[in-house]
Structure formats: structure tokens, C-alpha cells
There are 2 protein chains.
Amino acid sequence: MDEERWLSAEQLAAWKKLIAVVSLAPGVLDAQLQRDADLTHFEYFTLAMLSEAPERTLRMTALASRTNATLSRLSHVVSRLEARGYVTRAPCPADRRATNASLTEEGWRKVVATAPSHVETVRARILDALDERDVADLDRIMARVLTRLDPEGRFLPGD
Amino acid sequence: MDEERWLSAEQLAAWKKLIAVVSLAPGVLDAQLQRDADLTHFEYFTLAMLSEAPERTLRMTALASRTNATLSRLSHVVSRLEARGYVTRAPCPADRRATNASLTEEGWRKVVATAPSHVETVRARILDALDERDVADLDRIMARVLTRLDPEGRFLPGD
């Protein structure tokens with residue numbers, strides 16, 4: 001197998017740590033949000049992305065990009081959020097073939113009520129370990145990784 | 001909510017990119033391994049960790065640490081790998097209350113056959129985006145994050 005391009009010791013060490021973070025982070029985020037707000041992290045992140053958008057509304061395709069999800073996965077989750085009164089869907093006025101998702105007033109209150117303890121968890125369990133230089137390096141490295149994981153830039157809208 | 005500690009713009013930007021990587025990486029790794037080897041990434045990683053161990057054997061508790069999994073989750077996966085002939089379990093000779101998992105000869109051949117295309121995918125979809133400095137920075141940053149995600153060091157054995 002001498003034609004294979006194996007990993008250097010440094011690459012392997014960093015890769016194993018990245019896998020550990022990728023494996024552990026979702027459970028930590030989900031556990032806090034389930035306990036405190038009865039939401040998965042994906043559900044919370046969907047509500048949060050809508051809360052930041054103009055008029056708290058996004059096309060479903062744009063919302064899928066911002067939540068790193070396929071349209072199919074997002075549609076299932078938005079159905080659940082709609083049933084709980086946090087989101088509504090309607091045809092886009094500018095393009096009737098497209099569907100908009102909007103945060104309801106109740107959805108907005110849910111985000112406002114949930115954000116503080118969630119942000120506290122993100123800080124305590126992840127970001128407080130990093131100083132300013134680490135944060136800048138993390139931003140640069142993750143941006144580079146995303147050029148390979150997401151070569152078409154589907155999940156990195158311009159903003 | 002002025003007592004809350006919100007994220008800086010730099011933290012928020014880096015955090016969203018990390019979430020994108022955490023969201024996208026498992027699907028990319030699973031898709032390649034399912035297609036080429038009929039294994040999930042977790043199944044492959046379990047076999048790979050056994051393949052690196054002395055006598056290709058680890059206590060189940062140590063294997064859980066190295067695969068970033070609870071013992072319960074690992075036990076389910078090892079049962080599937082046992083049914084496919086890749087792994088066997090037996091009481092630990094040194095402590096009969098503990099269980100060892102061992103890679104079979106067939107499991108070893110499976111790792112050897114699967115590793116090249118998987119390593120190629122890891123490089124092409126993630127690591128080739130990073131130069132030596134990036135890899136060193138990634139290692140440092142992920143180690144720091146793991147001090148918070150995994151404060152007891154359960155998932156970072158000494159080696």
C-alpha cells in the first residue's frame with residue numbers, strides 16, 4: 001500500500017481530536033436544550049437563524065443553507081416547529097413556487113427565553129476554553145475545512 | 001438581559017463555522033464508508049482503534065473512551081460488528097468482571113481494505129485544506145475545547 005497517502009503523526013493527532021469534538025459536541029448541546037427548552041440543537045438553531053433574518057422570514061432553501069441541512073431534513077423539522085406554534089410557512093410573495101418560513105411571535109419569545117442559558121452553555125462547554133487568538137485561528141481553519149466539506153458553498157451564504 | 005454574557009462578533013462567526021463542520025462532517029464520512037465498505041464512520045473508527053491496540057484487543061471501557069462513546073452505545077455497535085465476524089468479546093483474563101473486545105483476522109482484513117479510500121476521503125474533504133501551521137493550530141484548539149467538552153478526560157486516554 002505504499003502508493004497510499006497516509007496521514008502524518010501531526011495530522012492524525014489533530015484529526016482524532018477533531019473527531020472527538022464532532023462526536024461529543026452535539027450531545028452536549030442537545031442535552032442542555034432538551035432539558036431547558038424541550039428543543040434539539042437543530043430545532044433551536046433553526047429558530048435562531050429565523051430570528052436574525054429580516055422580518056424573521058427566510059425562504060426554505062436559504063434556511064436550509066444556514067442550518068447546514070438538506071431541504072428534506074429541514075422540512076421535517078419545520079413541520080414539528082409549526083405544530084408547536086413557533087414557525088409558519090407560506091408561499092413567497094415574490095416567487096409563488098418558493099416557500100417562506102417565518103418565526104411567529106411565540107417562536108420569537110421561545111428564542112428570547114432559550115438563548116441566555118444556551119449561550120452560557122456554548123461558552124462554558126466550548127468557547128471559554130479559547131482566547132482571542134484561538135478564536136481567530138478557529139475561524140480561519142473552519143473556513144478552510146468548509147471549502148472542502150462544502151465545495152459549492154451551499155452552507156456559507158454571503159452574510 | 002444585560003447580565004447575560006453574549007458572544008463577540010468574532011466568537012459568533014467562528015462558532016457558526018464550527019457548527020457547520022460538526023453538522024456536515026459526519027454525513028460526508030458516513031456516506032463514503034457506507035458506499036465503499038458498508039460501515040458507518042463509528043463502526044470503522046471502532047475497528048480502527050482495535051487495529052492499533054496491542055494484540056488488537058482493548059477493554060470495552062477503554063474502547064468506549066477512544067471512540068468518544070458511552071459504553072451503552074459502543075455495546076450495541078460491537079454486537080453488530082460481532083455478528084459480521086469482525087470483532088469478538090471475551091472476559092478479560094486479568095479481571096474477569098471486565099470484557100475485552102478483539103479484532104478478528106477478518107476484522108483486520110476489513111480495516112486494511114477500507115483504510116486507503118477512507119484516508120483519501122479524510123484528506124480530500126478535510127485535511128488537504130490545511131497547511132502544517134493550520135494542523136498545529138487545530139490540534140491546540142481542539143485540545144482546549146476538549147478540556148471543556150470532556151472535563152474528566154474520559155475520551156482522551158494518555159496515548
Side-chain angles (χ1 to χ4, degrees), chain A residues 1 3-8 10-11 13-29 41-42 45 66-70 112 115-116 119-120 122-132 134-151 155-156, chain B residues 1 3-8 10-11 13-29 41-42 45 66-70 112 115-116 119-120 122-132 134-151 155-156:
Chain A
M1 297 195 288
E3 288 186 67
E4 305 307 332
R5 301 155 65 220
W6 295 99
L7 304 182
S8 70
E10 293 74 18
Q11 286 179 316
W15 174 240
K16 284 188 181 179
K17 291 186 187 77
L18 178 60
I19 287 185
V21 169
V22 167
S23 302
L24 296 173
V28 166
L29 300 175
H41 180 259
F42 186 80
F45 201 67
R66 288 181 204 206
T67 55
N68 316 294
T70 61
V112 170
V119 171
E120 195 54 46
V122 168
R123 297 190 68 112
R125 300 302 302 275
I126 296 174
L127 292 178
D128 279 355
L130 307 179
D131 63 23
E132 278 185 33
D134 294 331
V135 169
D137 288 342
L138 179 64
D139 191 273
R140 181 189 85 246
I141 292 166
M142 293 298 115
R144 289 186 179 175
V145 169
L146 288 169
T147 64
R148 297 301 189 101
L149 273 183
D150 175 31
F155 299 115
L156 276 185
Chain B
M1 296 194 286
E3 289 185 66
E4 305 306 330
R5 301 156 63 221
W6 296 99
L7 304 182
S8 70
E10 291 76 17
Q11 286 178 316
W15 173 239
K16 284 187 179 179
K17 291 186 187 77
L18 178 60
I19 287 185
V21 170
V22 167
S23 301
L24 296 173
V28 166
L29 300 176
H41 181 260
F42 186 78
F45 202 67
R66 289 181 203 205
T67 56
N68 314 296
T70 61
V112 170
V119 170
E120 195 54 46
V122 168
R123 297 189 67 113
R125 300 303 300 276
I126 296 173
L127 292 179
D128 279 354
L130 307 180
D131 63 22
E132 278 185 32
D134 294 331
V135 170
D137 288 341
L138 179 63
D139 191 273
R140 180 190 85 246
I141 292 166
M142 293 298 116
R144 287 186 181 177
V145 169
L146 288 170
T147 64
R148 297 303 188 102
L149 273 182
D150 174 31
F155 300 115
L156 276 186

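Values in this document were obtained by computation on a predicted structure and should not be read as measured data. Here is the naming used below: chain letters follow the sequence lines, and residue numbers restart at 1 for every chain.
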Out of [options], which one racks up the most heavy-atom pairs below 4.5 Å with chain A?
| options | value |
| --- | --- |
| B:Val135, B:Ile141, B:Leu18 | B:Ile141 |
| B:Val21, B:Leu127, B:Thr67 | B:Val21 |
| B:Val22, B:Leu29, B:Asp134 | B:Asp134 |

Point-to-point distance, once rounded to the nearest 0.5 Å, from [atom1] of [X] to [atom2] of [Y]:
| X | Y | atom1 | atom2 | value |
| --- | --- | --- | --- | --- |
| B:Ile126 | A:Leu149 | CD1 | CG | 4.5 Å |
| A:Asp137 | B:Leu138 | CG | CG | 10.0 Å |
| B:Ile19 | A:Phe45 | CD1 | CZ | 4.0 Å |
| A:Leu130 | B:Met142 | CG | CE | 7.5 Å |
| B:Arg123 | A:Gln11 | CZ | CD | 5.0 Å |

Given side chains that start at C-beta, do those of [X] and [Y] come closer than 4.5 Å, heavy atoms only?
| X | Y | answer |
| --- | --- | --- |
| A:Arg125 | B:Pro151 | yes |
| B:Leu24 | A:Leu146 | yes |
| A:Glu10 | B:Asp139 | no |

Identify the two heavy atoms, one from B:Ala129 and one from A:Thr147, that lie closest to each other, and give their separation to 0.1 Å. CB-OG1, 4.2 Å
How close do A:Pro116 and B:Trp6 get, counting heavy atoms only, and between which atoms? N-CH2, 4.1 Å
Do you know which of A:Ser8, A:Ala136, A:Ala69, A:Ser23 has the most heavy-atom pairs with chain B at a distance under 4.5 angstrom?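 The answer is A:Ser23.
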Does any backbone or side-chain atom of B:Val145 lie under 4.5 Å from a heavy atom of chain A? Answer side chain, backbone, both or neither.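 Answer is both: backbone and side chain atoms of B:Val145 are under 4.5 Å from chain A.
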Identify which part of B:Ala115 has an atom lying under 4.5 Å from any heavy atom of chain A, answering side chain, backbone, both or neither.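 Interface part for B:Ala115: both.
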